[in-house]
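Below you'll find the structure, written out as structure tokens, and then a few comments.
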Amino acid sequence: MRSIAIMNQKGGVGKTTTTVNLAAALAEAGKTVCVIDMDPQSHATLHFGVEELPNEEFKSLYDVLVEGTPIAEVRRRIDDKISLIPAHLDLTSAEMQLVGTVAREQILKNKLLEDKPDYDYLLIDCPPALGVLTINALTAVDEVFIPLEPHFLALQGLGKLLLTIEVVVKQLNKQLRLGGVVLCKYEGGTKLAGEVADEVETYLQNIAGKNNTWSKAKLFKTRVRKNIALAEAPSHGVPILQYAPTSNGADDYRSLAQEVLNETGV
Ligand SMILES: Nc1ncnc2c1ncn2[C@@H]1O[C@H](COP(=O)(O)OP(=O)(O)OP(=O)(O)O)[C@@H](O)[C@H]1O
Ligand SMILES: [Mg+2]
């Protein structure tokens, strides 16, 4: 199993869009995928069409992290290839409730170890913050993917992110690798987008191989273009591959999935 956290502390860069649609594209290619929604905003949960119904006991990641509920009791099937550990707004309070809990950065990791998962890919959609939720995600996975929006401070933001990853590697998870950076909301016609892409690529080439953490560092070749269908799909509760299967957005996430699949053969 490959386990990947989709992380960037900056908001609105394409984390959730990438998590949900990469999951769907990997599933279309025949892989089984489990998505964990680590964000109290529950956007990935909603994007998969999962909503809390009146009178329903909505079990979510909160129960796993705070109440110790087994992951199997919370996991839902989206279709025959994709399953989801949903989030709920109550996850906001998890952070506070976990203060003082021993090894609170490792709760998710330990719950996943208990679960003995049998899927090919585990994707975690992180919130736009560096609190205990994101740290739990980074401690539980082997790889991080960073969605980046091409703007002129992108490189500075990336540098800060990599420092965070370094701290997690030193203190909590020696296995963790930067899997790659993916440019999202890409406007091919603009000079800025091309310049940022070149800068990020050079930066990653320079650090690649410096040590294990950066051994796989690269910019994915796929550029996820700005595409209105990607912004519309969440309100229909399905990934882009179902909502607009022939759109640029669907093509781009299929192409990203292919790059990911080609890396290891998993
Ligand atoms: N390639 C794209 N083209 C057009 N719209 C996009 C694209 N990618 C994402 N969006 C839209 O941009 C907004 C932010 O994207 P998304 O929710 O994926 O970002 P995020 O990093 O998960 O945000 P947050 O930090 O709040 O969790 C959403 O409305 C989404 O539909
Ligand atoms: Mg999000």
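Counting convention: from 1, in listed order, for ligands and their atoms alike. On a predicted model such as this, the values are computed, not experimentally measured, just so you know.
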>> Using a 4.0 Å cutoff against the non-hydrogen atoms of K226, which atoms of ligand 1 qualify?
In response: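 The list of qualifying atoms is 1 (N), 3 (N).
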> Looking at G11, which atoms of ligand 1 are within less than 4.0 Å of one of its heavy atoms?
Replying inline: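 Near G11, the atoms of ligand 1 are 25 (O).
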So, applying side chain to side chain contact (heavy atoms under 4.5 Å, CB included) with [X], which one of [options] is it?
| X | options | result |
| --- | --- | --- |
| D63 | I71, I85, T69 | T69 |
| T19 | V35, D37, I4 | V35 |
| Y121 | M1, K31, K81 | K31 |

>> Just to verify, what does K216 make a salt bridge (Lys or Arg N to Asp or Glu O under 4.0 Å) with, not counting sequence neighbours?
In response: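 Result, salt bridge (Lys or Arg N to Asp or Glu O under 4.0 Å) vs K216: E143.
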> Do the ring planes of F58 and H88 sit parallel (below 30°), tilted (30 to 60°) or perpendicular (above 60°)?
Replying inline: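 The rings of F58 and H88 sit tilted, inter-plane angle from 30° to 60°.
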>> If you count every heavy atom of other residues, nucleotides or ligands that lies below 6.0 Å from E73 atom CD, does the total exceed 12?
In response: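 Above 12, so yes.
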> Considering residues, nucleotides and ligands other than Q175, do more than 12 of their heavy atoms fall under 6.0 Å from its CD?
Replying inline: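 Not more than 12 within 6.0 Å, no.
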> For ligand 1, is there an atom lying under 4.0 Å from some heavy atom of G14?
Replying inline: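 Heavy atoms of G14 do come under 4.0 Å of ligand 1.
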>> Determine whether any protein heavy atom is located less than 4.0 Å from atom 4 (C) of ligand 1.
In response: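 Under the 4.0 Å cut-off, atom 4 (C) of ligand 1 does have protein heavy-atom neighbours.
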> Does the protein place any heavy atom closer than 4.0 Å to atom 29 (O) of ligand 1?
Replying inline: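 Under the 4.0 Å cut-off, atom 29 (O) of ligand 1 has no protein heavy-atom neighbours at all.
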May I ask you to check whether [X] has an N/O atom sitting below 3.5 Å from an N/O atom of ligand 1?
| X | answer |
| --- | --- |
| G12 | yes |
| P234 | no |
| I228 | no |
| N227 | yes |

> Using a heavy-atom cut-off of under 4.0 Å, does the side chain or the backbone of D39 touch ligand 1, or both, or neither?
Replying inline: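 Side chain only.
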>> Does only the side chain of R225 get under 4.0 Å from ligand 1, or the backbone, or both, or neither? Count heavy atoms.
In response: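 The backbone, only.
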> In terms of residue, atom name and distance, what is the protein heavy atom nearest to atom 13 (C) of ligand 1?
Replying inline: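 The protein heavy atom lying closest is K185 NZ, 3.8 Å.
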>> Under 2.8 Å from the Mg ion (ligand 2), which protein N, O or S atoms do you find? Ignore water molecules.
In response: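 The answer, once waters are left aside, is T16 OG1.
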